[in-house]
Structures are given as C-alpha cells and as structure tokens.
J.: 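Sharing a structure, written as structure tokens. Questions coming.
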Amino acid sequence: MSSYPHHFHVGTPEANPSLSEVLGAHNAQKFVRQPMALRTNSESYSVPILELCQTLSHSADSVLAVAASKTFLFAGAQSGVIKVWDRTTFLTVKILEGHTRCILCLILSPDQKLLFSGSGDGTVRVWDAESHCLKYVLRTSPHVGDILSLAYLPSANTIFLGCQDTSIQWFSLDHPSLEHLNSCPDAVAPSRLPKIEVPGLPPSKPFFPPVVVRKDCDEIEHRIPLQWVQHSAHLGYIYSLLIGPILDDSASQHLFSGSGDGSIKIWRIDFGASGVRLSHTRTLSGISTDTVYAMALREGLLYAGLQGGYVAVFDLETFQRIRTLLGHQDDVLALTCHQDDLYSADSQGLIKKWNRAFECVGTIQGHDGLVLTMTLAEESILISGGSDNCVRLWWLAPDRNLQKNIYPRSFKENDGGVDELLQVLEKWVRIPTISGQVHHMEDCRLGAKFLKNLLVQLGAEARLVQGAEGRNPLVYGVFRASTSPARRVLFYGHYDVVSARPKEWATDPFQLIGKDGYLYGRGVTDNKGPILAAVFATSELVREKKLGVEVTFLIEGEEESGSTGFFPAVQALRPELGEMDLILLSNSYWLNDEIPCITYGLRGVIHASIRVANQHADSHSGVYGGGIAEPLIDLTQLLAKLISQNKQVLIPGFYDKVRPTPPEEDAEFVEIARIVSRNAPHVSPSKLKSQWRCPTLTIHKIATSGPNDQTTVIPSWARADLSMRIVPDQSLDHIVDAFKAHVHSCFQELSSENEIEVFIRQTADWWLGDPSNQYYSILKDVIEEEWGVPPIPIREGGSIPAVPWLEKEFNAPTIHLPMGQSSDQAHLTNERMRIRNLQAGKHILKAYFTKLGLI
C-alpha cells in the first residue's frame with residue numbers, strides 16, 4: 001500500500017491534507033516511482049478502446065472536474081474558474097468566476113438546468129446551466145475545508161456535499177425556511193487547515209486566499225443549517241458520493257459515500273418535517289484501509305476506485321465484495337460505466353476498459369499526468385480531465401474500418417442530428433492525395449473514389465472521369481432538384497493537397513486531430529473541408545425533399561499542380577454537363593479570424609523558368625574559374641534586369657494594360673482595413689491594393705547542377721523559377737511574349753557563349769466577378785444571417801486556374817465563398833480549420849441553395 005499522507009484515517013481536518021496535497025503527492029511520486037509491469041495479461045495498448053476526437057486546453061490549470069450537458073461542456077480548474085465550451089463548436093463561450101479556490105467537483109441536475117460546483121473555498125455555487133448566471137451560493141461553516149464531492153437528488157431538489165472535515169451536508173433548494181444572508185460580512189476568516197506547498201503544481205498562495213466577500217455583493221447566499229449536517233460521517237475525507245437504489249429497499253433512495261478512511265457507507269434518505277434526513281444503514285467491508293476516490297453504479301453492482309490501483313466490485317444484493325480488478329499500478333481516481341463496460345482512470349494517466357466478465361480489454365494513455373475526472377456525454381462520448389491542463393473527448397466505440405462504417409457516432413449539432421461531416425472528413429484526410437508526385441497517384445485515385453462513393457451513398461449520380469493519361473481522375477456528381485425546371489449550379493473544388501513534412505507538424509498531418517475547437521490535418525481547409533460542407537448541405541436538402549436547384553460537383557485532383565488534367569476532362573463531359581446558371585466554389589480565406597468575407601476577384605499567374613547552360617560538365621573553380629562562361633553568373637545578371645530596387649517590374653509594357661483604381665475602390669480599401677485592423681493589424685490600404693490590384697514578379701528559387709554540398713564547383717547549368725501575378729486588364733499572351741522577349745534581349749546584351757531556355761510551365765488568367773448581381777446579394781444576406789455581421793467583399797492575391805476558365809466555358813457568373821480564417825495555414829505546417837467555420841459553411845450553403853430555388 002502507498003504511504004501517501006492522505007491515507008491517514010483521523011477524524012480531525014488538521015491531520016488530513018487537502019486534495020491539492022494529494023495531487024502534489026501524485027505528481028512528486030511520478031518522478032521517483034519505477035515503472036512496473038501491468039498486472040493483467042488480458043489488456044493491450046493496441047486495442048482501440050477509445051478514439052480521441054477533441055482536446056480542449058484549460059490555460060495553465062489542472063482540470064479537476066468535468067460535466068457535460070447537450071449544449072455545453074464545463075470544466076473546473078485548480079485556479080477556481082469554470083471554463084464553458086460550446087458542444088457544437090468546441091469554442092469557449094464563458095468563464096465562470098466566483099470561487100476563490102480550486103473547483104473539486106461539478107455535477108448537473110438530470111434535467112440539465114442546474115450546474116453545481118464544489119470548491120476548496122468551502123462553498124457550493126449553483127449556476128443556471130444554460131444562461132451561466134449564478135443563482136446562489138451555499139456556504140458551509142468556516143472550518144469545513146474542501147467540498148470534495150457532490151450528489152443531487154432531483155425528487156427532493158437537494159444537493160449533498162462530501163466534505164474535508166468528514167461530514168456529509170445537504171441543502172434543499174425548495175425548503176421554505178431558507179436562511180438568507182442579506183448582508184455580507186467584510187470577510188470570513190480563512191480555514192485553519194494548513195497551507196500546503198504542492199510539488200509539481202503552482203504554489204498554493206493563489207489558490208488559498210482568505211475568503212473575502214464584498215459588502216456590495218449581490219449574490220444570494222444560503223448558510224447550510226446545522227440540522228442538515230451529518231457530523232463525522234466518516235473518519236476521513238469524503239471523496240465520492242453517489243445516489244441510487246439498493247435491491248432490498250428499492251422504494252427508497254440511498255446515498256453512497258466513499259472516504260479516505262477506507263470505507264463505503266450506505267445512507268437511507270428519509271423525508272421529515274425539517275426536510276431530508278440521513279440514516280446510516282450499512283458499511284461495506286473488505287476494502288481494508290485503501291482510500292475510496294471514486295464510485296460508479298451499474299445494475300446492482302457498485303464499483304469503487306481505490307488507492308494503490310485497485311477497483312473493488314460489490315454486489316448490492318449481498319453487500320459482499322465479489323471482485324477486485326487488478327490492472328492499474330497507481331491510484332484509481334475516476335470511474336464511469338457505459339452499458340456493459342466500466343472505464344477506470346488512474347494517476348499515471350491511463351484509462352482502462354473492463355467488460356461485463358470483469359476482464360480488462362484495453363488500455364490507452366489518456367493524459368500526460370493524472371486523470372482526475374471522467375464523465376459520460378449521452379451514449380457515445382467519454383470526457384476526461386487531467387493534470388496536463390486539458391479536457392479530452394473520446395468516442396467510446398471507435399471503428400477504424402472505412403468500408404464497414406463510414407459514419408460512426410459523431411458530434412451533436414444544434415438540431416440534434418448526427419454531424420456526419422466531421423467523421424467523413426476524418427476518413428478523407430487520412431488519404432494523402434498529394435498531386436504532382438508519381439508515388440501518390442494511387443492515393444489520389446483512392447481519394448477520388450472515396451468522394452465518389454460518398455456522393456452515391458448520399459443520393460447523387462456520381463462517377464470518376466479520367467482526363468489525359470497519367471492524370472488524376474475528376475469526380476463528377478449530380479444532385480437532382482426536387483422539382484423541375486430548376487436553376488443549375490456547378491460547384492468546383494479539388495481533392496488534391498500539397499505535401500507535408502511530418503517532422504515539422506505538431507501532429508500527424510494525415511490524421512485529423514481536434515484541439516480547442518479546431519481540426520488539424522493536411523487538406524482540412526484546402527479544400528476537403530469546404531467540399532464536404534457543400535456535399536452535406538446539398539444531401540440534407542435532398543433528404544428533406546427541399547432541393548430547389550440542381551447541383552453538379554466537379555472536383556479535380558490536380559489544382560495544386562496546375563489543373564493540367566482538369567480542362568480536357570471537363571471538355572469531354574461538356575455535352576453531358578449542359579449549361580449552368582452559376583459557378584460556385586469555396587477555396588479561400590477571410591482577411592482575419594473574426595469577420596466573414598466574399599471573394600470577387602483573383603489575380604492571374606504565369607509560372608516560368610529561365611535556364612542557362614554551357615557545353616561543359618560541372619567544373620572545379622580552382623582549375624576552370626575565369627576560363628569558362630559560368631551559367632550562374634549569367635543567370636544572376638538576367639534576374640537583376642527583371643525587377644528594380646523599388647520593386648518595379650522592368651519588362652517593357654508590363655503595366656500598360658493595368659486597369660486604373662477608381663477613387664471609390666481606394667475608399668473601400670481604407671474601410672476594409674479599418675474594419676479588420678482590430679484583429680489583423682498588419683492589414684493596411686496600401687497592402688490590400690498591392691496584393692489585389694497590382695501585378696508583381698517573384699523569384700522563388702535558383703537550382704544548379706552538381707552536388708549541393710560542394711562549394712568549389714562551377715555548375716554546368718543554373719535555373720531560376722519565378723512567377724508573375726497579373727491583374728485586370730492584362731493579357732496572359734501579351735505578358736508571356738513580353739517576358740520572353742525581354743529575357744532574350746537581356747541575354748543577348750551579355751554576349752555570352754552559354755545557351756538560354758525560357759519555359760512557361762503554367763498560366764492562369766485573372767478573374768473579376770460582379771459583386772452587384774443577384775447571386776452575390778442573396779449570398780451576402782445568408783452569410784449575415786449565419787454570422788450576425790455583413791460579409792466584407794474582398795479580392796485575392798492568389799490564383800485558381802479553373803475559375804476564369806469555367807466562367808468563360810459556361811458563360812455563367814462565379815461566386816467564391818471563403819469558409820476558412822486567415823490563420824488556417826493552408827499549404828503550411830499545422831493546417832487547420834475551425835469547426836464553427838466548417839459547420840457555418842454548411843449552414844450557409846444549405847440556406848443559399850434553398851433561396852436560389854425560390855428565384
């Protein structure tokens with residue numbers, strides 16, 4: 001048995017340290033204990049007993065208690081605050097303050113209207129679980145110490161408190177003779193419990209101040225009367241309380257209390273003139289002197305998580321200890337039951353799953369530290385909190401088989417439906433659909449097939465279309481309108497992604513990871529997430545028989561490498577596609593992280609290379625230096641003649657056709673910069689104009705022949721890769737011809753014996769939409785309805801080759817809806833997308849298609 005100081009079974013608070021010291025003892029012990037072999041051979045770390053779906057950070061505080069309603073997730077921290085997250089978006093919506101010491105327990109009433117928080121400040125606060133307003137404070141006497149556990153009896157509207165001073169106290173929220181404290185004292189003397197310095201945790205000083213209550217406070221406080229106190233209920237701290245029936249007295253409710261004195265007591269709850277009374281009926285034996293940290297009830301069985309790593313199982317018909325589950329190596333601090341399974345968690349961060357036959361069927365590392373609390377959310381999600389300052393949400397029944405189960409249980413949306421989108425995205429991100437790399441061509445085909453199968457399952461007519469040989473296939477799918485005739489919308493996107501370097505990422509780039517309301521993974525924002533938002537928005541309307549437009553999906557697999565195979569594939573489909581009324585895409589981002597946008601313009605691009613070479617092999621500079629014309633010197637001189645010191649492009653006629661900026665557009669740049677500057681101070685009118693309205697030339701890299709680690713070699717060739725961004729009304733062909741002519745002219749001036757080649761690798765024209773047409777007006781209204789603010793009309797500095805091509809091919813206007821935030825890191829490390837944005841994108845498109853069907 002462990003020799004932690006908290007196992008002493010003495011009836012005075014001074015002899016029993018606070019729970020904070022318990023945490024500190026565990027933390028200190030973790031650094032000196034030697035790892036031991038697991039005590040069961042039936043468990044396995046490889047068994048996927050839980051699947052992590054979201055990690056939420058709680059600043060720098062250990063999470064000591066969690067509770068979850070259908071709408072919100074609550075987590076109490078060591079600093080005394082309760083953080084509230086929205087269950088749909090996993091974004092923080094509130095910080096509940098008022099406790100002056102750590103939050104040790106949280107529970108919700110069964111109707112999820114009340115939240116109860118117990119603290120080391122000796123109070124219980126009662127909160128409205130929906131509005132998060134404080135209803136009132138329940139205050140114990142000054143020397144009770146920590147409130148370690150809570151249990152709520154709805155039939156009597158009574159809350160029970162397990163206390164550090166070994167008492168059980170209760171309070172009826174309906175009792176007519178409540179003692180109101182209309183005036184608050186200046187201060188309540190601090191507890192006489194000793195202050196504890198906690199190894200491994202922040203100093204106790206911030207968490208153990210005197211309990212000061214201001215005279216001007218408007219909190220409604222109630223003092224727990226002495227008749228509602230069961231003094232010396234145990235000989236040690238009361239760490240756990242449960243309410244439930246026992247088989248020989250099913251007509252009455254019973255309170256189970258577990259203590260540091262190594263006992264579990266059963267109390268019958270009676271009702272009299274003065275309210276609730278407790279009658280001790282039985283003490284469960286066979287626990288020895290192990291502290292009882294946690295309890296759970298299931299079908300006549302009581303489970304107790306004990307000090308030392310044991311789980312005791314009691315039959316509540318015979319009141320005998322029928323099993324001792326051996327598997328943990330350290331104290332079991334949390335328990336919860338789900339159907340036939342028991343989940344137990346310990347101070348080494350492990351979570352174990354036990355089946356109905358009391359066998360350990362799997363183990364995972366749940367937290368990097370102590371697992372201090374666990375609870376269930378509905379029937380599918382386990383929530384845990386730990387000393388690593390985070391809350392984690394887990395699927396209870398993970399299924400990693402893509403073919404058998406493409407829609408496992410998922411997050412709950414506001415409408416109560418299962419949000420399949422996020423789980424499908426998780427499967428799709430796993431497929432590394434990197435275009436432009438031969439060894440990923442099969443992955444691209446699998447990614448395309450995955451989307452095609454999804455479209456078919458959701459009610460679309462879909463198939464793969466192969467363009468040129470050796471190119472990735474195009475995914476073609478059509479959702480038919482519920483009525484005809486109907487407007488026809490073409491949604492364009494791309495399933496291919498850029499490469500990722502796993503060593504540079506905080507997580508696996510091809511495994512969807514949820515953290516703090518964001519989803520991390522390559523392609524999650526560019527462009528798989530927005531595509532799925534459009535797919536599910538459309539399929540929901542089909543299922544509801546409300547799709548008033550015909551939506552055609554054209555999703556290519558080579559946008560990140562030039563869209564080379566896209567154009568012939570679409571031309572082959574052209575007779576089947578017919579005419580379109582609108583082209584829609586979502587492949588860009590907001591200006592900042594707060595305000596939605598609509599994109600109405602893109603710059604064009606010309607990707608080019610200049611290669612200078614001689615007729616010699618790579619040479620040694622010590623032998624041939626000065627004796628041959630060096631390609632890299634010629635190339636460097638050429639590049640210097642492309643752009644001036646003030647960043648002006650020196651190609652003759654480069655700026656001739658640039659459309660002038662009208663004064664009203666300059667005024668728009670000033671207003672846009674003003675709106676977004678609070679969250680994006682780097683945005684200025686001049687930068688917006690430079691990125692959106694001005695052509696540029698950029699030199700990306702220089703490559704040479706010869707080994708990279710040799711600094712004495714004269715390379716036989718040198719190549720520069722560069723790009724030019726063009727704007728209205730520049731002509732692609734004109735700029736290409738002018739660029740080639742200028743480069744060759746400058747090379748002739750060098751009178752070099754070397755040879756030069758100019759390659760145009762890829763081009764895309766500029767695009768400028770009409771933000772005044774009816775399609776934009778409808779989308780603006782829908783976005784404002786979703787986000788509560790009107791969207792900002794913006795242009796983009798980047799290019800999408802397919803957009804101007806599609807607009808010309810179908811002679812239809814294009815609408816570009818950005819879903820992501822400016823911080824999404826598309827193409828970069830740790831690419832992410834906020835869940836709220838993804839869900840909002842789906843809502844917006846669903847409403848947009850609905851309104852398009854009415855015009």
Side-chain angles (χ1 to χ4, degrees), residues 11-20 64-65 76 80 82 98-107 114-127 134-153 156-175 177-195 207-213 217 219-241 255 257 259-260 267 269 274-278:
T12 58
E14 288 79 358
N16 288 271
S18 68
L19 186 63
S20 299
L64 308 182
I82 302 169
H99 284 293
T100 58
R101 299 183 188 174
C102 51
I103 309 297
L104 299 172
C105 42
L106 287 175
I107 63 169
L114 298 178
L115 173 73
F116 300 89
S117 58
S119 169
D121 62 13
T123 68
V124 172
R125 289 181 173 249
V126 185
W127 313 81
L134 179 65
K135 296 177 71 69
Y136 30 78
V137 179
L138 309 181
R139 186 173 294 279
T140 60
S141 60
H143 307 306
V144 168
D146 298 348
I147 308 300
L148 299 171
S149 53
L150 294 172
Y152 178 70
L153 181 62
N157 199 12
T158 298
I159 183 73
F160 293 87
L161 291 64
C163 302
Q164 184 182 356
D165 72 343
T166 75
S167 70
I168 297 176
Q169 306 189 18
W170 57 96
F171 192 90
S172 175
L173 303 180
D174 291 336
H175 199 277
S177 60
L178 297 180
E179 179 186 356
H180 291 268
L181 303 182
N182 295 320
S183 61
C184 300
D186 287 337
V188 177
S191 169
R192 288 183 295 177
L193 299 178
K195 291 187 177 181
F207 308 122
F208 295 89
V211 182
V212 178
V213 185
C217 70
E219 298 170 353
I220 302 175
E221 291 196 353
H222 304 293
R223 182 82 66 185
I224 295 179
L226 292 178
Q227 62 266 32
W228 292 349
V229 177
Q230 181 70 47
H231 293 286
S232 301
H234 283 267
L235 296 178
Y237 301 172
I238 300 175
Y239 287 106
S240 181
L241 291 177
L255 179 71
S257 59
S259 171
W267 310 79
I269 302 174
S274 61
V276 169
R277 291 185 292 107
L278 290 184

J.: Would you check, one step at a time, whether the test side-chain contact (heavy atoms from CB on, under 4.5 Å) holds for Trp127 with Ile82?
T.: CA-CA 11 Å; Trp127 313 81; Ile82 302 169; 3.9 Å; yes
J.: If you define the side chain from C-beta out and look only at heavy atoms, does anything of Val126 sit under 4.5 Å from Leu115?
T.: no
J.: Please check this pair: side chain of Ser119 against backbone of Cys102, looking for a donor-acceptor N/O pair closer than 3.5 Å.
T.: yes
J.: Of all heavy-atom pairs between Cys163 and Ile147, which one has the smallest distance, and what is that distance?
T.: SG-CD1, 3.9 Å
J.: Give me the atom names and distance for the closest heavy-atom approach of Trp170 to Thr158.
T.: CB-CG2, 3.9 Å
J.: What's the separation between atom CD1 in Ile107 and atom CZ in Phe160, rounded to the nearest 0.5 Å?
T.: 10.5 Å
J.: Say you draw a straight line from CD of Gln227 to CD of Gln169; how long is it, rounded to the nearest 0.5 Å?
T.: 11.5 Å
J.: Do any N or O atoms from the side chain of Arg139 and from the backbone of Glu221 form a donor-acceptor pair under 3.5 angstrom?
T.: no
J.: Please report the shortest heavy-atom distance between Leu150 and Cys105, naming the atom on each side.
T.: CG-SG, 3.5 Å
J.: Test Phe116 against Leu173 for side-chain contact (heavy atoms from CB on, under 4.5 Å), laying out the working first.
T.: CA-CA 12 Å; Phe116 300 89; Leu173 303 180; 3.9 Å; yes
J.: Can you name the closest pair of heavy atoms from Leu114 and Lys135 and give their distance?
T.: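 Between these two residues, the closest heavy atoms are CD2-CD, 3.4 Å.
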J.: For Gly122 and Thr140, work out which heavy atoms get closest and say how close.
T.: O-OG1, 2.7 Å
J.: Using the side-chain contact (heavy atoms from CB on, under 4.5 Å) rule, take Trp267 and Ile269 through it: C-alpha gap first, then chi angles, then the decisive distance, then the call.
T.: CA-CA 6 Å; Trp267 310 79; Ile269 302 174; 5.7 Å; no
J.: State, with a plain yes or no, whether a side-chain heavy atom of His143 is found less than 4.5 Å away from one of Asp165.
T.: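 No, their side chains stay 4.5 Å or more apart.
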J.: Looking at every heavy atom in both Leu148 and Ile238, which two are closest together, and how far apart are they?
T.: CB-O, 3.3 Å
J.: Walk me through whether Val124 and Ile224 qualify under side-chain contact (heavy atoms from CB on, under 4.5 Å).
T.: CA-CA 10 Å; Val124 172; Ile224 295 179; over 6 Å; no
J.: Any side-chain heavy-atom pair from Thr123 and Thr100 closer than 4.5 angstrom?
T.: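 Thr123 vs Thr100: side chains apart.
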J.: Can you tell me how far CD of Gln230 sits from OG1 of Thr166, rounded to the nearest 0.5 angstrom?
T.: 10.0 Å
J.: Using 30° and 60° as the class boundaries, would you call the ring planes of Tyr136 and His222 parallel, tilted or perpendicular?
T.: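 Taking His222 first and then Tyr136, their aromatic rings stand perpendicular (interplane angle over 60°).
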